[in-house]
Amino acid sequence: MRDSWNARLRFMLAAGVLGLLMTGPFMLTAVLLFADAKEVERAALAELLLPRLPLGALMTVMGFVIGLSLLRGLFKQYVQGLLRMAETLRLMLGANRNFRVAPEGPPEVRELGRAANDLAQQRDELLTDVESQIARAKSSVEEEKNRLAALMSELAQAVVVCNLDGRILLYNNRARLQFKALAQGPTSMSGGALIGLGRSIFSILERSQITHSLENIQQRLRRGSSEPTANFITSTRSGQLLRVQMAPVLAPGASEDAGESDVRGFVLTIENITRSFERETQRDQVLHTLTDGNRSALANMRAAVEMLGDNPDMEPEMRARFIGILRDEVTRMGSRVESVVNEFADSLKTRWPLEDVLGIDLIAAAQRRIEDRLKLATKTEEMDGNLWIRADSFSLILAINFLASRLQDHYDIRELRFRLSSEGGMGFVDLIWSGTPLSSETFYTWELEPMNIGAETTPLTLRDVAERHGGEVWFQREKAAHRVFIRFVLPVAATPEAEPEAQTQIQQGHRGESRPEYYDFNLFSFSESGVDLDRRLVDMTYSVFDTETTGLEPSAGDEIIQFGAVRVVNNRLLRQEIFDQLVDPMRPLRPEGIPIHGITEDMVRGQPTIDQVLPAFHEFCSETVLVAHNAAFDMRFLQLKEDSTGIRFSQPVLDTLLLSAVIHPNQETHRLEAIAERFGINVIGRHTALGDAFVTGEVFLKMVPLLNEMGIHTVRQALDASEKTYLARVKY
Amino acid sequence: MKKILIVDDEANIVISLEFLMKKEGFHVAVANDGEEALELIASFAPDLVLLDVMMPKKSGYEVCEAVRRNPERAGLKIVMLTAKGRETEIAKGLALGADAYITKPFSTKDLVAKVRSVLGDA
């Protein structure tokens with residue numbers, strides 16, 4: 001931009017000098033002659049020259065015009081031509097190595113172009129050599145990566161790897177399928193938009209459970225545990241139960257005694273256990289009918305038999321009643337056993353995963369939470385420091401917190417004390433306070449209501465938590481001390497930190513061809529969410545999109561008929577993370593448009609309408625920067641839908657058309673095909689929305705380093721520069 | 001003559017228990033659920049309650065808890081009689097103030113012995 005300004009300035013200067021050169025010597029000679037001549041001669045000269053002056057001036061002007069056009073021709077060929085060549089050379093330097101200068105203009109310029117091409121040829125040969133060496137060196141790394149990817153793709157479990165901010169760095173196909181199945185409503189259109197590289201895991205799993213498990217893992221790491229993993233169960237919005245195992249990702253080189261600071265991220269192994277959990281519940285019922293149910297029946301029979309045996313001289317009527325009891329109980333027991341046999345056959349063995357927790361750790365975590373959230377003082381009394389219990393710590397801490405919040409609300413307690421003890425196989429966690437005793441009705445209500453603490457809600461009840469642990473909960477008075485306590489009875493862990501059974505099984509045998517592209521480990525250094533305009537272009541997550549429409553005039557009733565979008569994360573185009581959807585425009589297509597986009601009436605009829613697709617597309621794009629070619633056009637369509645759908649696309653939008661004008665102000669055209677050609681990008685499948693989105697995405701990726709060279713590093717700078725290009729002033 | 005209240009919702013055990021306790025020379029009343037039990041504890045004024053845990057309306061735990069809250073009934077003995085045999089449930093029954101906890105199935109002899117020992121007239 002500045003170069004061409006300078007060139008223009010120099011051209012003006014040259015024109016000025018030319019003018020001076022053409023008139024100066026003549027004028028000077030005239031002045032000198034005039035000064036030298038006598039009075040008479042002067043008169044004669046004037047008489048001779050004055051009538052012919054217009055002719056002279058005309059000749060001079062003509063000469064000047066000819067000179068000027070010559071100068072302009074030279075300027076065009078040597079200055080602007082060279083400037084254009086310089087742009088091309090820069091392209092060859094960076095974005096498109098295979099591009100060559102088209103020899104044009106005067107012979108010298110052409111020669112220069114050829115020399116530059118030769119130089120580029122030589123550079124390419126050298127580079128290819130270096131590249132082949134690098135490729136060899138890289139292939140072993142690549143092989144390792146592929147091995148990992150293959151392993152991941154063949155795992156029967158869904159695996160997701162995240163960094164500490166919860167951003168997804170890797171996931172396998174199983175995870176994608178699982179979350180796709182979980183996604184409800186419009187999201188399912190976006191091919192499992194819930195999961196995606198760089199997206200937040202917290203949109204799928206509860207943030208508090210993840211942080212809690214991370215805390216647990218860090219506590220274990222501090223203690224030097226050899227199995228620093230955590231398990232939890234969570235339910236999704238659609239009511240599915242997920243069992244999640246979390247293992248830390250440690251910084252490379254972190255030793256055995258890794259501290260918490262070495263945790264760089266975490267691996268989640270996720271299993272949908274809704275069905276097996278249902279089976280488990282069924283199995284529990286079966287067990288219950290077998291044990292407790294039969295206990296009663298046995299008691300009834302035993303008592304009746306003993307009465308009959310101990311009283312041989314019983315009245316016949318009474319005897320008949322006892323025999324009746326026996327007959328009745330035996331028949332019922334028989335049918336019970338029969339039904340148990342039938343049901344038990346298809347019940348699977350699964351358990352609510354309880355993990356071994358050091359009791360004092362659990363209480364310390366509960367105390368922290370109560371003090372933070374409820375601002376309630378806590379203290380501890382007798383604490384058995386060596387007591388390990390088997391617990392689902394998340395739900396247990398939730399339950400303790402729930403009770404503390406209820407006690408605070410209803411009885412205005414000022415302090416809560418904890419006590420930890422055990423007896424046989426039972427561990428006791430007591431919550432103690434002094435003053436008002438609890439009424440049993442209140443406690444029974446608390447036991448059975450869903451535990452809500454402020455904004456935190458869960459369908460779980462206190463009773464559920466107790467039963468989940470195979471434990472009990474009750475309240476008791478300590479009359480002497482005028483105190484009351486609530487006691488949790490929990491199972492004591494058999495051996496502290498027993499080796500947990502291997503939960504991940506690798507399926508052997510089947511060697512699929514599938515190589516997932518679902519990983520991006522560079523995201524480990526990726527942090528924060530949302531769209532921050534001052535972050536570097538290379539660090540942003542983008543949704544590159546394109547639309548096909550019925551025509552070019554949104555305000556005249558033209559409608560979107562296809563959306564295509566692809567995500568760019570960490571400088572890579574992710575061809576798996578796409579949004580591809582036809583839309584029923586609810587109006588006839590224009591016949592002249594059909595050959596361009598290739599979409600026919602039949603294809604759009606019965607497709608979802610714009611008010612169904614737009615929310616899904618909005619979700620796909622959330623927290624990303626939008627990129628489109630000639631974005632103003634697409635954005636205009638989206639804006640016209642704001643009122644009817646209530647959906648606003650408020651994120652920043654980058655336009656590759658404007659960015660091209662920023663990078664190459666001297667090029668004549670900024671059409672997508674032309675830009676793609678300049679950057680050496682193969683254009684396949686143009687004029688489908690997704691195909692165009694792919695091309696736009698690749699073009700954009702090539703532009704980022706060129707923008708950086710121009711000192712444009714952040715999204716804000718890119719937006720500012722786009723705004724200043726002349727193309728941006730052409731209103732759509 | 002000591003008075004015993006039998007609380008259970010299952011007729012098949014109530015018949016035997018009633019027969020047994022009458023034969024042992026107790027004065028017997030029967031309640032079929034938790035609420036009836038609380039009423040009879042007030043009107044019949046038993047010396048001992050044989051209390052089932054799993055019952056409609058009010059569970060045995062609730063009855064036990066309610067009785068122990070009332071100082072006028074401090075002398076009342078409670079023997080819990082249930083099919084819930086887990087350690088934690090036994091602990092809960094005793095913590096809530098039961099004098100003894102007998103798991104089903106039981107021997108009638110042991111039951112009589114336990115009742116007599118709790119009543120202090122072994």
Side-chain angles (χ1 to χ4, degrees), chain A residues 288-289 291-311 314-315 318-319 321-322 324-329 332 423-428 430 437-441 443-444 447 466-467 469-477 479 485 487-492, chain B residues 6 8-24 34 38 50 52-55 57-71 74 81-98 102-112:
Chain A
H288 185 80
T289 35
T291 54
D292 290 5
N294 283 345
R295 267 176 201 278
S296 290
L298 282 171
N300 299 354
M301 286 192 279
R302 182 167 182 179
V305 164
E306 285 178 4
M307 288 307 100
L308 284 170
D310 295 351
N311 304 280
M314 195 185 283
E315 293 160 37
M318 204 61 212
R319 175 178 295 273
R321 280 182 78 182
F322 280 120
I325 293 176
L326 286 175
R327 198 173 286 136
D328 181 32
E329 290 294 344
R332 279 188 11 212
E423 200 183 294
M426 295 184 290
F428 301 133
D430 295 340
L438 191 57
S439 93
S440 57
E441 285 77 14
F443 189 70
Y444 291 123
E447 249 187 293
E467 277 168 12
H469 290 86
E472 263 296 348
V473 57
W474 68 76
F475 79 94
Q476 232 177 302
R477 265 166 269 252
K479 287 214 178 84
F485 66 90
R487 168 164 286 184
F488 279 94
V489 180
L490 302 162
V492 169
Chain B
I6 299 169
D8 203 316
D9 60 320
E10 273 194 76
N12 280 350
I13 192 78
V14 169
I15 295 171
S16 299
L17 288 177
E18 194 181 357
F19 185 87
L20 175 71
M21 290 303 155
K22 275 183 179 160
K23 203 189 70 163
E24 291 298 321
L38 286 177
L50 282 178
D52 185 33
V53 171
M54 297 294 289
M55 282 185 303
K57 293 183 189 169
K58 256 192 166 66
S59 79
Y61 291 136
E62 284 172 83
V63 173
C64 185
E65 213 277 328
V67 168
R68 287 301 176 232
R69 224 176 334 146
N70 181 358
L81 205 59
T82 112
K84 291 178 137 212
R86 287 191 307 158
E87 209 182 5
T88 51
E89 284 145 357
I90 298 171
K92 180 170 180 174
L94 295 178
L96 293 182
I102 292 180
T103 321
K104 291 176 178 180
F106 49 83
S107 125
T108 47
K109 275 201 192 72
D110 291 351
L111 176 67
V112 171

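The figures here come from the full heavy-atom set of this structure, side chains too, leaving out hydrogens, waters and symmetry mates. Chain A is the first sequence line, chain B the second, and so forth, proteins listed ahead of strands; every chain is numbered from 1.
- Here the closest non-hydrogen pair linking H469(A) and P491(A) is O-CD, 3.2 Å.
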Problem set entry | Candidate pair Q476(A) and D430(A), rule side chain to side chain contact (heavy atoms under 4.5 Å, CB included), full reasoning | CA-CA 10 Å; Q476(A) 232 177 302; D430(A) 295 340; over 6 Å; no
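- The backbone N or O of S59(B) lies less than 3.5 Å from a partner atom in the side chain of E62(B), making a donor-acceptor pair.
- Options L81(B), L20(B), I15(B) differ in how many heavy-atom pairs under 4.5 Å they form with chain A, and the most are formed by I15(B).
- Contact tally against chain B (heavy-atom pairs below 4.5 Å) for V489(A), L326(A), N311(A): the top residue is N311(A).
- For the set E329(A), M307(A), M314(A), the entry with the most heavy-atom pairs within less than 4.5 Å of chain B is M307(A).
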For this session: Apply side chain to side chain contact (heavy atoms under 4.5 Å, CB included) to the pair I325(A) and I13(B), showing each step before the final yes or no.
Result: CA-CA 9 Å; I325(A) 293 176; I13(B) 192 78; over 6 Å; no
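- Heavy atoms closer than 4.5 Å to chain B are found in the backbone of V473(A), but not in its side chain.
- F322(A) meets the ring-ring contact (aromatic ring centres under 6.0 Å, His included) test with F19(B); sequence neighbours excluded.
- Comparing N12(B), T88(B), T108(B) by how many heavy-atom pairs each has under 4.5 Å with chain A, the most go to N12(B).
- Interface remark: A91(B) contributes backbone and side-chain atoms alike to the contact with chain A (heavy atom separation under 4.5 Å).
- Of the two parts of F475(A), the backbone and the side chain both hold a non-hydrogen atom closer than 4.5 Å to a non-hydrogen atom of chain B.
- Neither the backbone nor the side chain of M301(A) has a heavy atom closer than 4.5 Å to any heavy atom of chain B.
- Every residue two or more places apart in sequence or in another chain that forms a salt bridge (Lys or Arg N to Asp or Glu O under 4.0 Å) with D328(A) is listed here: R332(A).
- Only the side chain of R477(A) has a heavy atom closer than 4.5 Å to any heavy atom of chain B.
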Exercise. Does the pair T82(B) and E89(B) meet the rule for a side chain to side chain contact (heavy atoms under 4.5 Å, CB included), with working shown?
Worked result: CA-CA 10 Å; T82(B) 112; E89(B) 284 145 357; over 6 Å; no
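- Residue N294(A) does not touch chain B at all, counting heavy-atom pairs closer than 4.5 Å.
- Looking only at atom types and distance, the side chain of E472(A) has no donor-acceptor partner in the side chain of W474(A) under 3.5 Å away.
- Looking at L17(B), there are no atoms closer than 4.5 Å to chain A (heavy atoms on both sides), in backbone or side chain.
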